Every structure is written in structure tokens, then in C-alpha cells.
Amino acid sequence: MKFTLLLLAPLGLFAQNYDLVIRNGHIIDGTGSPWYAADIAIRDGHIAAVGRLDSATARQTIDASGMVVAPGFIDMLGQSETSMLVNPHLPSKIYQGITTEITGEGGSAAPLTDAIRTADHANFEHYKIDPSWNTFREFFGRLEKQGMGINLASYVGATQVRRAVIGDDDRAPTAAELDRMKALVRDAMHDGTVGVSTSLQYAPAPYATTDELIALASEAAKLGGIYATHMRNEGNAIIAAIDEAVRIGREAHIPVEIWHLKTAGLENWGRMPEIVAHIDQARRWGVEIGANTYAYTAWFNSFSAFIPPWAHDGGDAKLIQRLKDPASRARIRKEMQMPSTAWDNEWNEIPGPQAILISVVQNPKLLPLQGKTIAEIAKLWDKDPIDTIFDFLIEDNAATNVAVFGMSEPDVRLALQQPWVSVCNDSQGTAPDGLLGQEHPHPRAYGTFPHILRKYVREDGAITLPDAIRKFSALPASRLRLADRGVIKNGMWADIVVFDPSTITDVATFEKPNQLSQGMHYVLVNGVPVIERGAMTNALPGKLVRGPAWKP
């Protein structure tokens, strides 16, 4: 019997032709492991080789000497489904190193009905968007036709399917209506969504019972989805809100992701150890539950959330009517001034009107007030702060967004340090120019990921660089079951960032938020540079990231 000796050549001995090779970098692969030195070769949008590739040839070579090479960052809550139609390049995202965004917070791009189009007309008009789609399949098709600067995945919002079936009213669905809502969740999953989501602070979402949410989450669970939630309460009743999320996870047999984990309000500062212990206990019980954070002490949301849920019954038009009615207005004022666990009372969670910063308005007459606090506007208008809130909402048809300073730094840091906490931007992609540049967003819109690298890694040493990269990449990818993204490894999509960890920084501030982060030398999306030598290339190589039940 003859044996043939097969000699395997060491990696790099024979020349290979690639699209792009990244040489001499310190690779932090996303798993949490320390860096190692290697080259990365890319072909057809994928990582084709990792190792010493001295003799490999390529159409383009990047010298990453002295820099970190890491997986592209995954934004666990991005909010760009609308702004991507305005500016598909999303410079605020790519300059942070974000290559994939997950969106759809309770409300989602679809399903869309004529009634929702009418109710949300002002928002579509503000962004000059024709909302001509009805389903996720049609919306995704529009994005693919237009092109995207980053990859995008979406949840179907439980609020969205509720609005599509029963509108904005404060009532339970009938059995037949619930069946229609469940069918819409199934349709969205088949169209490619990654799960079902809730945003239970914002009407009409609070009108949904836990049983209603379990029914919808169960449909997503059967099709491999996950349940993501802006919980019903992030303040005085946060433990009960976590318990609700845990119950939904257990009874629907679905993984749970808590968006932007926080403990809101002065009374709750210092409670993060209790919250962490509560979630750790649920994990020990076998509930697959994780969370994410944007790591700033101010949140950003709809200004109308300061108004108790009952006053939103029927939608924004009804809310405005109630704010104009003296009796309803007096009742709203009284409830805002009373501590409560029945709703997330933001007025009771802040030190005063100086903690509310007007950020985005839709009424052009109010544009000069963007960037001012309610305390400043109250003085300007010669009104008390609560009347100022009411009248501002009336003037802007309840469309205002605000930044609210209501968290403590030690709580934010402790949340970020948890091994099951990843990172979200919780802001739409934007740009410092054009229509989007007229807004005054939370600085996290431009700075979240570099902010964490600067403050919590480089300056404070609260987390290590490999763990930060894990929180930006492999952890969110594993939570979302993205088997082909989030790690530097052969065969993965080539979403890659190249940066100097000693200089990368956020620039955006609450006073001047429309400033791009600095320090990303290269950002590759599916193997194509969208940032090259620190500048945008205007390429649109992004892809839709579809869920496990997608039917082409």
C-alpha cells in the first residue's frame, strides 16, 4: 500500500488575490480576548483569511500599524428607520464605528395603515418622506432600492400592530382583534424582522396588558424571535417593570432584551446594585435576559411622556384638546405633582425644570428654543414651568423631543460594567448638515461608542478595551443570533473598524451636539470602506439583516 504525504503550506506562503488586506493591526476580535497581531484579508464582502499574509496581494491595502482592528459596532437600538430615508449615509453613526443598527422601538416602520399615516402625517411631512409602504417587505424593499450606509435590522413594534388594529384608544382588543394583531406579528417575522418590541412608557403602549404582550411575544417566539422592551417604568416601579419583562420571557418562551437600562429619578439614585441583583436572579432562574445602555446621565424621549397616560387616549389631537381644557389641565397638573408607581412620572423624577432640555421641535416658530431648558423658556414666557410644558406641547402639537437629566453617574457606570449589558445609541442616525442638521439631538446621537471608549475605558478604567469591544460586537451579535457578524473570524461579513484607542473621542455636547466623533481611520461595511483615512467615502454597502423566519 502506498501513502502520499500531503504537505500543508503555512498560511501566507502562497500569494492570494484579495479585494482588501488590513496589515499590521492589533486585532481585538470581539470575544473579549486580548489583542493579537495579524493581517486580515477580505474577498467578496467577507473575511477570507486572518494571520500572517506577507505574500498576499490585494486591490487595496490598509496599514493599521499602531491601531486597533475590531469588528464593526452593533447599535442595539438605533431609531434610524426614518432618518435613513433622509440621509442614507448616516454620518453620525459611521464616524462612531457603527456598522449595524437594530431599530423598531415599540413603534416600527411597519405595518403602516392609512389611519396611522394620517395620525403621523406631521412627522412624515417634517422629514419630507412619502410613506408609501404598508408592510415590512415593502419598506425593506425601499431601503434596498435606495441603498444604506450601514446594515439594518428591525423589530416589529407591539404598539405599531396595536395602532394598526385598534388605533390610539385606551381599551383592550377583542379576541378577533388580538388574532389580527398576532397575524401582523407573524407576517412581520416572515418579512424579516428579528422579534417583537414594546415601548411601554409612551401612549398608546401603556394601554396594553401583560397578557396582550405575552400573546404577541409568543408569536415571535415560535419563529425564533426575541422580545425587546422599553419597560413600563424606569423609576419608582422599576422592579415591578423588570418582573413584567421576566414574566413575558418565561410565559412566551422568548429571550428578553431590556433597552437602555437605567434607574431614573433622584429618589432612585443608587438603586442600580438592586436592579443588577434582580436581573442576575432571573438569569439564575433560567430566563435569558440581557440589557443595553448608552452611558449618559440624561435620557432623550418624547416631551409628551411628561403627561399621564390617560390624557393620551385617542391620540395627540385628543391630548392637545385636554391640555387646552381647564378642568383636564388641572387634573394633569395635580397628577404630575403627585408621586406615583402607576405611571412613569418624569416630572417627579427630576430636580426641576432646568433638567429638561428642548431638543427637537417640528413647529418652525419654536426652532429658536431648541437647546434651551424649560426653566429658561418659563422665564422667557413669564409662566410657571408646568404651564410652560403644557403650552409648549400645544404649540408643537405634542411632537417635541427633549433631553432629561435624571440619572446618577455611579448607576450608569455600574450598568455598563455588567457582563450581559451591551450598548445602544438610542438615537436616529443624523448629520450636521441638511434637514437633519437643523435638529438639536442628544449628544449620544453622535458620540455613544467613542464616549464609552474615551471616558469609561481610557480615562476611568471602568471597563477594559477588549470588554468594551465585546459589548459593541460579539455580545449584541449573540443576543440577536447573528451568526455571521460580530467577531473577526474567517467567513464572517467584513464589518470592521480601524482606530487609535489613545485618541478616539466623542466631540458632541449637550450645548453643541451636531459634531461628528473623531478617531475612526477606517470603517468597513461588508468589506467596503464607508470611512477611509478618516473621511466619508459616500459608499452605500449596507445590507438588511433579516430575522430567522424570513421567507424570500
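Treat the numbers as computed from the prediction; the structure is a model and nothing was measured.
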**Request:** Using salt bridge (charged side-chain N to carboxylate O under 4.0 Å, His left out) as the criterion, list what pairs up with Arg454, not counting sequence neighbours.
**Result:** Glu459, Asp506
**Item:** Contact list for residues 297-309, test side-chain hydrogen bond (donor to acceptor under 3.5 Å, both in side chains), sequence neighbours left out
**Value:** Tyr202-Asn301, Trp299-Glu346, Asn301-Glu346, Ser302-Ser304
**Request:** With sequence neighbours left out, write down each residue that passes side-chain contact (heavy atoms from CB on, under 4.5 Å) with Arg333, or none if nothing qualifies.
**Result:** Gln337, Asp384, Ile386, Asp387, Phe390
**Item:** By side-chain contact (heavy atoms from CB on, under 4.5 Å) - contacts of Pro273 (at least two apart)
**Value:** Asp411, Leu414
**Complete:** ring pair (Phe, Tyr, Trp, His ring centres under 6.0 Å) pairs touching residues 357-383, sequence neighbours excluded, are Trp381-Phe392
**Message:** Under the rule for salt bridge (charged side-chain N to carboxylate O under 4.0 Å, His left out), what residues qualify as partners of Arg162, not counting sequence neighbours?
**Reply:** Glu212
**Message:** Quick test of your reading of the model: are Asp344 and Arg232 salt-bridged, counting only N-O distances below 4.0 Å?
**Reply:** no
**Item:** For Ser108, all residues meeting side-chain contact (heavy atoms from CB on, under 4.5 Å), sequence neighbours excluded
**Value:** Phe136, Val156, Gln160
**Message:** Please enumerate all residues that pass salt bridge (charged side-chain N to carboxylate O under 4.0 Å, His left out) together with Asp316, with sequence neighbours excluded.
**Reply:** none
**Asked** How would you list, by chain and number, every residue that makes a side-chain contact (heavy atoms from CB on, under 4.5 Å) with Asp433, sequence neighbours excluded?
**Response** Ala431
**Asked** Okay, side chain of Trp269, backbone of Gly406: is any donor-acceptor separation there less than 3.5 Å?
**Response** yes
**Prompt:** So, are Glu251 and Arg247 salt-bridged, with charged N and O less than 4.0 Å apart?
**Reply:** yes
**Item:** For Phe499, all residues meeting ring pair (Phe, Tyr, Trp, His ring centres under 6.0 Å), sequence neighbours excluded
**Value:** none
**Prompt:** Which residue pairs pass the salt bridge (Lys or Arg N to Asp or Glu O under 4.0 Å) test with at least one member in residues 255-265, sequence neighbours excluded?
**Reply:** Glu234-Lys262, Glu257-Arg479
**Request:** Scan residues 332-361 for pairs that pass ring pair (Phe, Tyr, Trp, His ring centres under 6.0 Å), counting only residues two or more places apart or in two chains.
**Result:** none
